[in-house]
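Chain letters run A, B, ... following the sequence lines, proteins first, then strands; residues in each count from 1. Everything numeric in this text was worked out from a predicted model, so none of it was measured. Atom set for the values below is all heavy atoms of this structure, side chains included, hydrogens, waters and symmetry mates excluded.
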Amino acid sequence: MSSLALYDTLTRTSRPFTPIKAGQVSVYLCGATVQGSPHIGHIRSGLNFDILNRWLTKSGYEVTFIRNVTDIDDKILQKAVTEKAPWWAVAMKYEREFSDAYAAVNVLPPTYEPRATGHITQMIQLMSILIERGAAYAPGNGDIYLSVRSLDSYLTLSRQKLDDLLSADDAAGSFKKDPRDFALWKGAKPGEPSWPTPWGDGRPGWHLECSAMAHAYLGEAFDIHGGGLDLIFPHHENEIAQSEAAGYAFANIWMHNAWVTTAGEKMSKSLGNSLLVKELLKQVRGIELRWYLGSAHYRSMLEFSAEALNESATGFRRIESFLFRAVEILGTQATPSLSQGFIDAMNDDLAVPTALATISESLRIGNSAITAGDMKAIATSANEIRGALEVLGCDPFDSAFAGATTSAESGALDGVIQLALAQRTAARDRKDFAASDEIRDGLAALGITIEDTPQGPRWSISRTEER
RNA sequence: GGUGCGAUGGCCGAGAGGCGAGGCACAGGACUGCAAAUCCUGCUACACGGGUUCAAAUCCCGUUCGCACCUCCA
(Lines give C-alpha, C1' and ligand atoms only; values in the text may rest on other atoms or scores of the structure.)
Protein backbone atom coordinates (compact mmCIF):
# COMPACT_ATOMS: atom_id res chain seq x y z
CA MET A 1 0.00 0.00 0.00
CA SER A 2 1.52 3.24 -1.12
CA SER A 3 0.99 6.41 0.80
CA LEU A 4 0.14 9.88 -0.39
CA ALA A 5 2.86 12.27 -1.48
CA LEU A 6 2.07 15.79 -2.61
CA TYR A 7 4.12 18.37 -4.44
CA ASP A 8 4.77 21.42 -2.30
CA THR A 9 5.41 24.68 -4.11
CA LEU A 10 7.36 25.96 -1.11
CA THR A 11 10.00 23.24 -1.27
CA ARG A 12 9.51 22.51 -4.98
CA THR A 13 9.52 18.83 -4.18
CA SER A 14 7.02 16.07 -3.77
CA ARG A 15 6.98 14.85 -0.20
CA PRO A 16 5.02 12.42 1.96
CA PHE A 17 1.83 13.90 3.28
CA THR A 18 1.37 13.88 7.04
CA PRO A 19 -1.57 15.80 8.42
CA ILE A 20 -1.15 18.01 11.46
CA LYS A 21 -3.92 16.11 13.25
CA ALA A 22 -4.00 12.39 12.61
CA GLY A 23 -6.90 11.37 10.43
CA GLN A 24 -7.94 14.92 9.62
CA VAL A 25 -7.01 17.23 6.79
CA SER A 26 -7.70 20.94 6.57
CA VAL A 27 -7.67 22.56 3.15
CA TYR A 28 -8.04 26.18 2.17
CA LEU A 29 -8.58 26.91 -1.51
CA CYS A 30 -8.60 30.39 -2.95
CA GLY A 31 -11.88 30.45 -4.78
CA ALA A 32 -13.40 32.96 -7.09
CA THR A 33 -13.31 36.70 -7.08
CA VAL A 34 -16.84 37.04 -8.37
CA GLN A 35 -16.30 39.71 -10.95
CA GLY A 36 -17.45 37.89 -14.09
CA SER A 37 -18.75 34.64 -15.51
CA PRO A 38 -16.63 31.59 -14.85
CA HIS A 39 -14.50 30.23 -17.68
CA ILE A 40 -13.02 26.77 -17.76
CA GLY A 41 -9.76 27.98 -16.26
CA HIS A 42 -11.51 29.05 -13.07
CA ILE A 43 -13.41 25.83 -12.91
CA ARG A 44 -10.31 23.74 -13.53
CA SER A 45 -8.90 25.00 -10.26
CA GLY A 46 -12.02 24.06 -8.33
CA LEU A 47 -12.08 20.72 -10.11
CA ASN A 48 -8.44 19.82 -9.49
CA PHE A 49 -8.86 20.48 -5.80
CA ASP A 50 -12.15 18.61 -5.82
CA ILE A 51 -10.22 15.57 -6.98
CA LEU A 52 -7.80 16.15 -4.10
CA ASN A 53 -10.74 16.45 -1.74
CA ARG A 54 -12.28 13.23 -3.01
CA TRP A 55 -8.98 11.38 -2.86
CA LEU A 56 -8.27 12.49 0.70
CA THR A 57 -11.77 11.45 1.70
CA LYS A 58 -11.42 8.12 -0.10
CA SER A 59 -8.12 7.59 1.68
CA GLY A 60 -9.96 7.77 4.97
CA TYR A 61 -9.30 11.32 6.07
CA GLU A 62 -11.91 13.59 7.51
CA VAL A 63 -11.54 16.64 5.31
CA THR A 64 -12.45 20.22 6.19
CA PHE A 65 -12.48 22.01 2.89
CA ILE A 66 -12.80 25.78 2.83
CA ARG A 67 -13.18 27.60 -0.47
CA ASN A 68 -13.73 31.32 -0.19
CA VAL A 69 -15.64 33.79 -2.29
CA THR A 70 -14.07 37.21 -2.62
CA ASP A 71 -17.09 39.39 -3.12
CA ILE A 72 -15.53 42.82 -2.84
CA ASP A 73 -12.72 44.17 -5.00
CA ASP A 74 -11.92 46.90 -7.51
CA LYS A 75 -13.21 45.02 -10.53
CA ILE A 76 -16.51 44.22 -8.90
CA LEU A 77 -16.97 47.90 -8.18
CA GLN A 78 -16.11 48.76 -11.78
CA LYS A 79 -18.51 46.13 -13.01
CA ALA A 80 -21.24 47.60 -10.86
CA VAL A 81 -20.78 50.85 -12.73
CA THR A 82 -20.90 49.29 -16.20
CA GLU A 83 -23.79 47.01 -15.32
CA LYS A 84 -25.64 49.81 -13.56
CA ALA A 85 -26.36 47.59 -10.57
CA PRO A 86 -25.34 47.65 -6.91
CA TRP A 87 -21.94 46.03 -6.32
CA TRP A 88 -23.52 43.40 -4.05
CA ALA A 89 -26.00 42.41 -6.76
CA VAL A 90 -23.13 42.00 -9.22
CA ALA A 91 -21.15 39.88 -6.78
CA MET A 92 -24.16 37.70 -6.00
CA LYS A 93 -24.99 37.22 -9.66
CA TYR A 94 -21.54 35.93 -10.50
CA GLU A 95 -21.29 33.93 -7.31
CA ARG A 96 -24.39 32.05 -8.45
CA GLU A 97 -22.85 31.48 -11.85
CA PHE A 98 -19.79 30.01 -10.20
CA SER A 99 -21.93 27.79 -8.01
CA ASP A 100 -23.88 26.60 -11.04
CA ALA A 101 -20.67 25.92 -12.96
CA TYR A 102 -19.16 23.96 -10.08
CA ALA A 103 -22.35 21.94 -9.76
CA ALA A 104 -22.48 21.26 -13.50
CA VAL A 105 -19.10 19.56 -13.35
CA ASN A 106 -19.87 17.85 -10.06
CA VAL A 107 -17.46 19.75 -7.83
CA LEU A 108 -18.56 18.90 -4.32
CA PRO A 109 -19.64 21.84 -2.21
CA PRO A 110 -16.92 22.84 0.25
CA THR A 111 -17.42 22.28 3.95
CA TYR A 112 -17.89 26.00 4.19
CA GLU A 113 -17.76 28.80 1.65
CA PRO A 114 -17.01 32.05 3.45
CA ARG A 115 -17.46 35.43 1.80
CA ALA A 116 -14.98 38.23 2.35
CA THR A 117 -17.64 40.78 3.27
CA GLY A 118 -18.88 38.49 6.02
CA HIS A 119 -15.51 38.56 7.77
CA ILE A 120 -14.71 42.23 8.24
CA THR A 121 -14.55 41.69 12.00
CA GLN A 122 -11.87 39.04 11.62
CA MET A 123 -9.94 41.29 9.23
CA ILE A 124 -9.99 44.19 11.67
CA GLN A 125 -8.81 41.87 14.40
CA LEU A 126 -5.94 40.65 12.24
CA MET A 127 -4.95 44.20 11.34
CA SER A 128 -4.96 45.17 15.02
CA ILE A 129 -2.52 42.39 15.77
CA LEU A 130 -0.32 43.38 12.85
CA ILE A 131 -0.25 47.04 13.83
CA GLU A 132 0.40 46.14 17.44
CA ARG A 133 3.33 43.99 16.42
CA GLY A 134 4.74 46.73 14.23
CA ALA A 135 4.22 44.83 10.98
CA ALA A 136 1.54 47.15 9.65
CA TYR A 137 0.90 50.86 9.79
CA ALA A 138 -1.89 53.35 9.21
CA PRO A 139 -0.35 56.41 7.54
CA GLY A 140 -3.45 58.50 8.08
CA ASN A 141 -5.12 58.44 4.66
CA GLY A 142 -7.42 55.59 5.66
CA ASP A 143 -5.24 52.93 4.07
CA ILE A 144 -3.41 50.33 6.11
CA TYR A 145 -0.23 48.85 4.73
CA LEU A 146 1.89 45.89 5.59
CA SER A 147 5.51 46.83 6.01
CA VAL A 148 7.38 44.21 4.03
CA ARG A 149 10.77 45.37 5.34
CA SER A 150 9.67 44.52 8.86
CA LEU A 151 9.20 40.85 8.06
CA ASP A 152 11.56 38.12 9.14
CA SER A 153 11.17 36.52 5.75
CA TYR A 154 9.26 37.34 2.62
CA LEU A 155 8.88 35.92 -0.90
CA THR A 156 9.86 32.41 0.17
CA LEU A 157 7.19 30.83 -2.00
CA SER A 158 8.12 32.60 -5.24
CA ARG A 159 11.83 32.59 -4.34
CA GLN A 160 12.38 36.17 -5.31
CA LYS A 161 14.44 38.89 -3.77
CA LEU A 162 12.59 41.96 -2.63
CA ASP A 163 15.01 44.32 -4.32
CA ASP A 164 14.76 42.51 -7.65
CA LEU A 165 11.06 43.16 -7.99
CA LEU A 166 9.95 45.80 -10.40
CA SER A 167 8.36 48.37 -8.16
CA ALA A 168 4.69 49.13 -8.46
CA ASP A 169 3.93 52.08 -10.66
CA ASP A 170 1.63 53.64 -8.10
CA ALA A 171 4.42 53.93 -5.57
CA ALA A 172 5.39 57.49 -6.35
CA GLY A 173 3.74 59.99 -4.06
CA SER A 174 1.85 57.38 -2.08
CA PHE A 175 1.71 57.01 1.65
CA LYS A 176 3.74 53.83 1.58
CA LYS A 177 6.95 53.67 3.55
CA ASP A 178 8.34 51.32 0.94
CA PRO A 179 7.03 50.96 -2.60
CA ARG A 180 6.67 47.18 -2.08
CA ASP A 181 4.41 47.54 0.92
CA PHE A 182 0.92 46.35 0.08
CA ALA A 183 -2.50 47.52 1.18
CA LEU A 184 -4.29 45.41 3.77
CA TRP A 185 -7.13 47.89 3.81
CA LYS A 186 -8.20 50.73 1.61
CA GLY A 187 -9.57 54.01 2.86
CA ALA A 188 -13.15 54.83 1.91
CA LYS A 189 -13.74 56.67 -1.34
CA PRO A 190 -16.92 58.55 -2.22
CA GLY A 191 -19.54 56.27 -3.76
CA GLU A 192 -17.76 53.08 -2.73
CA PRO A 193 -18.85 50.69 0.00
CA SER A 194 -17.03 50.93 3.28
CA TRP A 195 -16.99 49.51 6.77
CA PRO A 196 -15.99 51.25 9.99
CA THR A 197 -12.65 50.45 11.62
CA PRO A 198 -10.67 51.98 14.47
CA TRP A 199 -8.54 53.69 11.79
CA GLY A 200 -11.41 55.08 9.75
CA ASP A 201 -13.90 53.77 7.21
CA GLY A 202 -12.69 51.63 4.38
CA ARG A 203 -12.80 48.30 2.61
CA PRO A 204 -10.61 45.19 2.42
CA GLY A 205 -7.54 44.95 0.23
CA TRP A 206 -7.18 41.84 -1.85
CA HIS A 207 -5.08 39.58 0.33
CA LEU A 208 -6.34 40.12 3.82
CA GLU A 209 -9.56 38.13 3.53
CA CYS A 210 -7.88 34.80 2.91
CA SER A 211 -5.61 35.07 5.94
CA ALA A 212 -8.54 36.12 8.11
CA MET A 213 -10.88 33.41 6.90
CA ALA A 214 -8.31 30.62 6.90
CA HIS A 215 -7.59 31.52 10.50
CA ALA A 216 -11.28 31.70 11.37
CA TYR A 217 -12.12 28.23 10.06
CA LEU A 218 -8.88 26.28 10.08
CA GLY A 219 -6.93 27.85 12.92
CA GLU A 220 -3.37 29.11 13.12
CA ALA A 221 -1.91 26.13 11.29
CA PHE A 222 -3.51 23.97 8.65
CA ASP A 223 -2.49 21.33 6.16
CA ILE A 224 -2.98 22.42 2.58
CA HIS A 225 -3.43 25.76 0.89
CA GLY A 226 -4.30 25.72 -2.78
CA GLY A 227 -4.94 28.00 -5.70
CA GLY A 228 -3.92 28.83 -9.24
CA LEU A 229 -0.29 29.19 -10.24
CA ASP A 230 -0.76 32.90 -10.74
CA LEU A 231 -1.61 33.40 -7.10
CA ILE A 232 1.86 32.42 -5.89
CA PHE A 233 2.90 36.02 -6.19
CA PRO A 234 1.58 38.31 -4.90
CA HIS A 235 -1.50 36.81 -3.31
CA HIS A 236 -0.07 33.84 -1.49
CA GLU A 237 3.17 35.58 -0.57
CA ASN A 238 1.12 38.28 1.04
CA GLU A 239 -1.12 35.82 2.81
CA ILE A 240 2.00 34.23 4.26
CA ALA A 241 3.40 37.63 5.20
CA GLN A 242 0.23 38.70 7.00
CA SER A 243 -0.29 35.44 8.77
CA GLU A 244 3.27 34.85 9.88
CA ALA A 245 3.64 38.43 11.03
CA ALA A 246 0.58 37.81 13.19
CA GLY A 247 2.28 34.80 14.69
CA TYR A 248 0.44 32.04 12.85
CA ALA A 249 2.22 29.03 11.38
CA PHE A 250 -0.25 29.04 8.48
CA ALA A 251 -0.19 26.48 5.65
CA ASN A 252 1.91 23.35 5.77
CA ILE A 253 1.79 22.52 2.05
CA TRP A 254 1.19 24.83 -0.90
CA MET A 255 -0.41 23.35 -3.99
CA HIS A 256 -0.94 25.21 -7.24
CA ASN A 257 -2.85 24.19 -10.31
CA ALA A 258 -1.76 25.17 -13.81
CA TRP A 259 -3.89 26.99 -16.32
CA VAL A 260 -6.04 26.18 -19.23
CA THR A 261 -4.30 27.78 -22.19
CA THR A 262 -5.38 28.66 -25.70
CA ALA A 263 -2.87 28.95 -28.51
CA GLY A 264 -0.17 28.38 -25.93
CA GLU A 265 -1.24 31.35 -23.86
CA LYS A 266 -2.98 31.74 -20.57
CA MET A 267 -6.65 32.48 -20.88
CA SER A 268 -7.44 36.01 -19.98
CA LYS A 269 -10.67 37.49 -19.00
CA SER A 270 -10.81 39.58 -22.13
CA LEU A 271 -10.91 36.51 -24.33
CA GLY A 272 -14.60 36.56 -25.09
CA ASN A 273 -17.33 34.14 -24.33
CA SER A 274 -16.33 30.96 -26.10
CA LEU A 275 -14.64 29.31 -23.14
CA LEU A 276 -17.20 30.17 -20.53
CA VAL A 277 -18.47 27.12 -18.76
CA LYS A 278 -22.04 27.87 -19.71
CA GLU A 279 -21.09 27.98 -23.42
CA LEU A 280 -19.15 24.72 -23.38
CA LEU A 281 -22.00 22.99 -21.62
CA LYS A 282 -24.01 23.56 -24.78
CA GLN A 283 -21.52 21.37 -26.62
CA VAL A 284 -20.81 18.57 -24.15
CA ARG A 285 -22.37 17.27 -20.99
CA GLY A 286 -21.05 18.39 -17.63
CA ILE A 287 -19.57 14.97 -16.94
CA GLU A 288 -17.71 15.12 -20.25
CA LEU A 289 -16.40 18.61 -19.58
CA ARG A 290 -15.21 17.41 -16.21
CA TRP A 291 -13.52 14.37 -17.71
CA TYR A 292 -11.69 16.62 -20.14
CA LEU A 293 -10.61 19.26 -17.62
CA GLY A 294 -9.62 16.66 -15.08
CA SER A 295 -7.65 14.45 -17.45
CA ALA A 296 -4.44 16.48 -17.46
CA HIS A 297 -2.18 16.50 -14.45
CA TYR A 298 -3.11 19.45 -12.24
CA ARG A 299 0.37 20.94 -12.51
CA SER A 300 0.45 20.74 -16.31
CA MET A 301 -0.94 23.35 -18.62
CA LEU A 302 -4.02 22.14 -20.45
CA GLU A 303 -4.09 23.41 -24.00
CA PHE A 304 -7.73 23.80 -24.86
CA SER A 305 -9.08 22.86 -28.25
CA ALA A 306 -12.55 21.93 -29.40
CA GLU A 307 -11.10 18.83 -31.10
CA ALA A 308 -9.43 17.66 -27.91
CA LEU A 309 -12.62 18.24 -25.96
CA ASN A 310 -14.66 16.19 -28.42
CA GLU A 311 -12.04 13.47 -28.55
CA SER A 312 -11.99 13.32 -24.80
CA ALA A 313 -15.78 13.18 -24.62
CA THR A 314 -15.81 10.30 -27.11
CA GLY A 315 -13.29 8.45 -25.02
CA PHE A 316 -15.39 8.96 -21.94
CA ARG A 317 -18.52 7.63 -23.66
CA ARG A 318 -16.59 4.49 -24.44
CA ILE A 319 -15.93 3.92 -20.75
CA GLU A 320 -19.44 4.87 -19.79
CA SER A 321 -20.86 2.55 -22.41
CA PHE A 322 -18.95 -0.37 -20.92
CA LEU A 323 -20.40 0.35 -17.50
CA PHE A 324 -23.94 0.50 -18.87
CA ARG A 325 -23.46 -2.78 -20.70
CA ALA A 326 -21.92 -4.39 -17.66
CA VAL A 327 -24.92 -3.40 -15.57
CA GLU A 328 -27.27 -4.84 -18.21
CA ILE A 329 -25.37 -8.10 -18.39
CA LEU A 330 -24.79 -8.52 -14.67
CA GLY A 331 -28.24 -7.28 -13.78
CA THR A 332 -26.73 -5.45 -10.85
CA GLN A 333 -25.01 -2.16 -10.20
CA ALA A 334 -21.21 -2.09 -10.08
CA THR A 335 -19.76 -1.76 -6.59
CA PRO A 336 -16.96 0.81 -6.64
CA SER A 337 -13.53 -0.58 -5.83
CA LEU A 338 -10.00 0.57 -6.56
CA SER A 339 -7.18 -1.19 -8.35
CA GLN A 340 -3.73 -1.02 -6.83
CA GLY A 341 -2.46 0.71 -9.95
CA PHE A 342 -5.02 3.43 -9.59
CA ILE A 343 -4.27 3.89 -5.90
CA ASP A 344 -0.53 4.14 -6.53
CA ALA A 345 -1.05 6.68 -9.29
CA MET A 346 -3.31 8.90 -7.20
CA ASN A 347 -0.97 8.69 -4.24
CA ASP A 348 1.83 9.98 -6.42
CA ASP A 349 0.81 13.64 -6.30
CA LEU A 350 -2.56 12.89 -7.92
CA ALA A 351 -1.09 11.47 -11.13
CA VAL A 352 -4.41 11.38 -12.92
CA PRO A 353 -2.99 10.67 -16.41
CA THR A 354 -1.30 7.55 -15.06
CA ALA A 355 -4.50 6.66 -13.25
CA LEU A 356 -6.38 6.97 -16.53
CA ALA A 357 -4.05 4.43 -18.08
CA THR A 358 -5.19 1.94 -15.44
CA ILE A 359 -8.79 2.65 -16.40
CA SER A 360 -7.95 1.92 -20.04
CA GLU A 361 -6.46 -1.36 -18.95
CA SER A 362 -9.52 -2.32 -16.92
CA LEU A 363 -11.71 -1.31 -19.83
CA ARG A 364 -9.89 -3.54 -22.29
CA ILE A 365 -10.08 -6.47 -19.89
CA GLY A 366 -13.73 -5.76 -19.23
CA ASN A 367 -14.69 -5.57 -22.89
CA SER A 368 -12.86 -8.82 -23.58
CA ALA A 369 -14.72 -10.38 -20.67
CA ILE A 370 -18.03 -9.33 -22.19
CA THR A 371 -17.09 -11.12 -25.42
CA ALA A 372 -15.98 -14.16 -23.45
CA GLY A 373 -19.02 -14.06 -21.17
CA ASP A 374 -16.78 -14.08 -18.10
CA MET A 375 -19.14 -12.64 -15.50
CA LYS A 376 -16.58 -12.48 -12.73
CA ALA A 377 -14.09 -10.56 -14.87
CA ILE A 378 -16.84 -8.23 -16.10
CA ALA A 379 -17.76 -7.43 -12.52
CA THR A 380 -14.16 -6.85 -11.45
CA SER A 381 -13.52 -4.47 -14.31
CA ALA A 382 -16.80 -2.64 -13.84
CA ASN A 383 -16.16 -2.24 -10.13
CA GLU A 384 -12.67 -0.90 -10.65
CA ILE A 385 -13.75 1.47 -13.35
CA ARG A 386 -16.66 2.78 -11.35
CA GLY A 387 -14.46 3.20 -8.29
CA ALA A 388 -11.94 5.18 -10.33
CA LEU A 389 -14.61 7.33 -11.94
CA GLU A 390 -16.09 8.03 -8.54
CA VAL A 391 -12.78 9.43 -7.27
CA LEU A 392 -12.47 11.53 -10.41
CA GLY A 393 -16.02 12.77 -9.92
CA CYS A 394 -17.14 11.22 -13.21
CA ASP A 395 -19.34 8.36 -12.06
CA PRO A 396 -22.14 8.23 -14.62
CA PHE A 397 -24.44 6.75 -11.98
CA ASP A 398 -23.84 9.69 -9.65
CA SER A 399 -27.15 11.40 -9.02
CA ALA A 400 -25.38 14.70 -9.72
CA PHE A 401 -25.48 13.74 -13.38
CA ALA A 402 -29.02 12.44 -13.47
CA GLY A 403 -30.75 13.34 -16.71
CA ALA A 404 -33.59 15.79 -16.93
CA THR A 405 -36.04 13.36 -18.47
CA THR A 406 -38.60 11.60 -16.34
CA SER A 407 -38.80 7.85 -16.16
CA ALA A 408 -42.21 8.03 -17.84
CA GLU A 409 -40.71 9.84 -20.79
CA SER A 410 -37.70 7.59 -21.10
CA GLY A 411 -39.91 4.53 -20.69
CA ALA A 412 -42.12 5.69 -23.53
CA LEU A 413 -39.08 6.41 -25.70
CA ASP A 414 -37.63 2.98 -25.02
CA GLY A 415 -40.97 1.41 -25.89
CA VAL A 416 -41.13 3.19 -29.23
CA ILE A 417 -37.58 2.23 -30.13
CA GLN A 418 -38.15 -1.37 -29.06
CA LEU A 419 -41.09 -1.47 -31.48
CA ALA A 420 -38.87 -0.27 -34.29
CA LEU A 421 -36.16 -2.74 -33.31
CA ALA A 422 -38.66 -5.60 -33.34
CA GLN A 423 -39.58 -4.62 -36.91
CA ARG A 424 -35.92 -4.55 -37.82
CA THR A 425 -35.25 -7.94 -36.24
CA ALA A 426 -38.17 -9.40 -38.16
CA ALA A 427 -36.82 -7.95 -41.39
CA ARG A 428 -33.38 -9.35 -40.69
CA ASP A 429 -34.86 -12.77 -39.94
CA ARG A 430 -36.42 -12.86 -43.39
CA LYS A 431 -33.15 -11.49 -44.84
CA ASP A 432 -34.85 -8.31 -45.99
CA PHE A 433 -31.75 -6.22 -45.31
CA ALA A 434 -32.99 -3.25 -47.29
CA ALA A 435 -35.89 -2.91 -44.87
CA SER A 436 -33.76 -3.50 -41.76
CA ASP A 437 -31.14 -0.97 -42.85
CA GLU A 438 -33.86 1.53 -43.55
CA ILE A 439 -34.98 1.30 -39.94
CA ARG A 440 -31.43 1.58 -38.64
CA ASP A 441 -30.69 4.57 -40.87
CA GLY A 442 -33.94 6.20 -39.87
CA LEU A 443 -33.11 5.87 -36.18
CA ALA A 444 -29.57 7.08 -36.84
CA ALA A 445 -30.98 10.19 -38.48
CA LEU A 446 -32.79 10.85 -35.20
CA GLY A 447 -29.54 10.51 -33.28
CA ILE A 448 -30.10 6.96 -32.10
CA THR A 449 -27.33 4.43 -32.57
CA ILE A 450 -28.11 0.74 -32.93
CA GLU A 451 -25.63 -1.96 -31.98
CA ASP A 452 -26.22 -5.67 -32.48
CA THR A 453 -24.91 -7.68 -29.57
CA PRO A 454 -25.13 -11.37 -28.74
CA GLN A 455 -27.86 -10.37 -26.29
CA GLY A 456 -29.80 -8.68 -29.07
CA PRO A 457 -29.87 -5.15 -30.37
CA ARG A 458 -29.29 -2.25 -28.00
CA TRP A 459 -29.78 1.42 -28.59
CA SER A 460 -28.23 4.59 -27.28
CA ILE A 461 -28.48 8.26 -27.94
CA SER A 462 -25.49 9.23 -30.06
CA ARG A 463 -24.16 12.42 -28.62
CA THR A 464 -21.48 13.12 -31.16
CA GLU A 465 -22.19 16.50 -32.62
CA GLU A 466 -20.78 17.67 -35.89
CA ARG A 467 -18.07 20.30 -35.30
C1' G B 1 16.44 43.15 -15.12
C1' G B 2 14.64 39.27 -11.45
C1' U B 3 12.03 34.47 -10.59
C1' G B 4 9.92 30.09 -12.39
C1' C B 5 7.87 26.46 -15.85
C1' G B 6 8.15 23.91 -20.37
C1' A B 7 9.77 21.54 -25.51
C1' U B 8 8.24 13.70 -25.96
C1' G B 9 5.74 9.89 -32.23
C1' G B 10 0.60 12.35 -37.32
C1' C B 11 -2.05 14.52 -32.76
C1' C B 12 -2.98 14.53 -27.32
C1' G B 13 -0.37 13.13 -23.09
C1' A B 14 2.55 10.40 -18.80
C1' G B 15 7.37 9.06 -17.23
C1' A B 16 12.42 11.19 -14.73
C1' G B 17 19.35 6.77 -15.13
C1' G B 18 18.53 0.46 -17.71
C1' C B 19 12.72 -3.39 -18.62
C1' G B 20 8.15 0.11 -25.47
C1' A B 21 2.53 4.41 -19.99
C1' G B 22 -2.02 5.34 -22.07
C1' G B 23 -5.42 7.55 -25.48
C1' C B 24 -6.84 9.47 -30.39
C1' A B 25 -5.97 9.09 -35.56
C1' C B 26 -4.30 5.77 -39.35
C1' A B 27 -3.40 0.66 -41.59
C1' G B 28 -4.25 -4.69 -41.51
C1' G B 29 -7.02 -8.74 -39.24
C1' A B 30 -11.18 -11.24 -36.24
C1' C B 31 -16.53 -10.75 -35.52
C1' U B 32 -21.03 -8.96 -38.62
C1' G B 33 -25.84 -9.96 -44.09
C1' C B 34 -23.50 -4.94 -44.15
C1' A B 35 -22.52 -1.85 -40.22
C1' A B 36 -21.76 -0.34 -35.22
C1' A B 37 -19.49 -1.85 -30.87
C1' U B 38 -15.50 -4.88 -29.27
C1' C B 39 -10.89 -7.53 -29.52
C1' C B 40 -5.93 -8.63 -31.87
C1' U B 41 -1.63 -6.76 -34.71
C1' G B 42 1.23 -2.70 -36.68
C1' C B 43 2.98 2.67 -36.20
C1' U B 44 9.59 2.40 -31.44
C1' A B 45 9.34 9.29 -30.03
C1' C B 46 11.85 12.47 -26.35
C1' A B 47 14.21 20.74 -29.21
C1' C B 48 19.72 21.42 -30.36
C1' G B 49 25.18 21.01 -28.97
C1' G B 50 28.53 19.15 -25.58
C1' G B 51 29.61 16.33 -20.96
C1' U B 52 29.09 12.46 -16.83
C1' U B 53 28.02 7.04 -16.89
C1' C B 54 28.79 0.24 -18.45
C1' A B 55 23.94 2.66 -19.63
C1' A B 56 20.77 9.41 -20.57
C1' A B 57 14.21 11.20 -22.90
C1' U B 58 15.68 11.22 -17.62
C1' C B 59 21.69 13.89 -14.44
C1' C B 60 25.31 18.25 -15.55
C1' C B 61 26.86 22.59 -18.72
C1' G B 62 25.55 25.56 -22.75
C1' U B 63 22.16 27.07 -26.85
C1' U B 64 17.47 27.93 -29.31
C1' C B 65 12.37 28.51 -28.95
C1' G B 66 7.71 29.05 -26.11
C1' C B 67 4.92 30.45 -21.72
C1' A B 68 4.18 32.76 -17.07
C1' C B 69 4.75 35.96 -12.67
C1' C B 70 7.17 40.64 -10.78
C1' U B 71 1.36 44.12 -5.89
C1' C B 72 -6.15 43.32 -6.84
C1' C B 73 -5.47 36.69 -12.33
C1' A B 74 -7.64 30.25 -11.38
Closest-nucleotide ordering on RNA chain B, the 5'-leading residue of G228(A) and R12(A):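 Counting from the 5' end, the first nearest nucleotide belongs to R12(A).
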
5' precedence on RNA chain B between I43(A) and S295(A) (nearest-nucleotide basis):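 In this pair, the answer is S295(A).
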
Watson-Crick or G-U wobble partner of [N], both distances under 3.5 Å:
N: G49(B); value: C61(B)
N: G4(B); value: C67(B)
N: C34(B); value: none
N: G9(B); value: none
N: A14(B); value: none
N: A27(B); value: U41(B)

Can you tell me if the side-chain N/O atoms of [X] get under 4.0 Å from OP1 or OP2 in [N]?
X: S300(A); N: A14(B); value: yes
X: S436(A); N: G33(B); value: no
X: R318(A); N: C24(B); value: yes
X: K266(A); N: C69(B); value: yes
X: K161(A); N: C70(B); value: no
X: R325(A); N: A36(B); value: no

With [atom1] as the reference atom in both, quote the distance from [N] to [M] in angstrom, rounded to an integer.
N: U8(B); M: A45(B); atom1: C1'; value: 6 Å
N: G2(B); M: A16(B); atom1: C1'; value: 28 Å
N: C40(B); M: A7(B); atom1: P; value: 31 Å
N: A56(B); M: C19(B); atom1: C1'; value: 15 Å
N: G51(B); M: C12(B); atom1: P; value: 32 Å
N: U71(B); M: U63(B); atom1: C1'; value: 34 Å
N: A47(B); M: U53(B); atom1: C1'; value: 23 Å
N: C39(B); M: C24(B); atom1: P; value: 9 Å

Output the single nucleotide from [options] whose closest atom is nearest the side chain of [X].
X: R424(A); options: C34(B), C70(B), G4(B); result: C34(B)
X: V260(A); options: U71(B), A21(B), A74(B); result: A74(B)
X: F233(A); options: A35(B), A74(B), C69(B); result: C69(B)
X: H207(A); options: U71(B), A74(B), U38(B); result: U71(B)
X: T371(A); options: A14(B), U38(B), U3(B); result: U38(B)
X: E303(A); options: U38(B), G13(B), A74(B); result: G13(B)
X: W259(A); options: A68(B), G33(B), U71(B); result: A68(B)
X: E451(A); options: A68(B), C70(B), A37(B); result: A37(B)
X: Q160(A); options: A14(B), U3(B), U71(B); result: U3(B)
X: T33(A); options: U71(B), A74(B), C70(B); result: A74(B)

Pairs satisfying side-chain hydrogen bond (donor to acceptor under 3.5 Å, both in side chains), at least one member in residues 373-391 of chain A, at least two apart: K58(A)-E390(A), S362(A)-E384(A), R386(A)-D395(A)

Check: L289(A) and I43(A) side chains under 4.5 Å, non-hydrogen atoms: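 Side-chain contact under 4.5 Å: no.
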
S3(A) side chain near P16(A) side chain, heavy-atom distance below 4.5 Å: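 Not touching, per the 4.5 Å side-chain cut-off.
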
Does [X] reach a base, just sugar-phosphate, or nothing at all? Heavy atoms under 4.0 Å.
X: G315(A); answer: nothing
X: H297(A); answer: sugar-phosphate
X: I450(A); answer: base
X: Y154(A); answer: base
X: D73(A); answer: base
X: L356(A); answer: nothing
X: D452(A); answer: base
X: R159(A); answer: sugar-phosphate

Going by atom types alone, do [X] and [Y] pair a side-chain donor with an acceptor below 3.5 Å?
X: T261(A); Y: E303(A); answer: yes
X: D74(A); Y: W206(A); answer: no
X: Y94(A); Y: D71(A); answer: no

Stepwise side-chain hydrogen bond (donor to acceptor under 3.5 Å, both in side chains) check, N238(A) with Q242(A): CA-CA 6 Å; N238(A) 290 350; Q242(A) 294 156 357; over 6 Å; no

Does the base of [N] carry an N or O that pairs as donor and acceptor with the side chain of [X] under 3.5 Å?
X: N238(A); N: U71(B); value: yes
X: R440(A); N: C34(B); value: yes
X: D437(A); N: A35(B); value: no

Aromatic ring pairing Y112(A)/H119(A), orientation class (parallel under 30°, perpendicular over 60°, tilted between): perpendicular

Aromatic ring pairing Y154(A)/F182(A), orientation class (parallel under 30°, perpendicular over 60°, tilted between):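 Plane angle under 30°, so parallel.
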
Rounded distance in Å - CZ (F175(A)) to P (U71(B)): 21 Å

Less than 3.5 Å apart, which donor and acceptor atoms pair up between the side chains of residues 95-103 of chain A and the rest of the protein, not counting sequence neighbours?
unit_1: E95(A); atom_1: OE1; unit_2: R115(A); atom_2: NE; d: 2.7
unit_1: E95(A); atom_1: OE2; unit_2: R115(A); atom_2: NE; d: 3.2
unit_1: E95(A); atom_1: OE2; unit_2: R115(A); atom_2: NH2; d: 3.1
unit_1: E97(A); atom_1: OE1; unit_2: S37(A); atom_2: OG; d: 2.6
unit_1: E97(A); atom_1: OE1; unit_2: K278(A); atom_2: NZ; d: 3.4
unit_1: S99(A); atom_1: OG; unit_2: E95(A); atom_2: O; d: 3.1

R299(A) to Y7(A), cation-pi by 6.0 Å centre distance and 45° axis angle: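 Checked: cation-pi criterion met.
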
Please list, for nucleotides 40-46 of chain B, all pairs of protein and nucleotide N/O atoms separated by less than 3.5 Å.
unit_1: C40(B); atom_1: OP1; unit_2: R364(A); atom_2: NE; d: 3.1

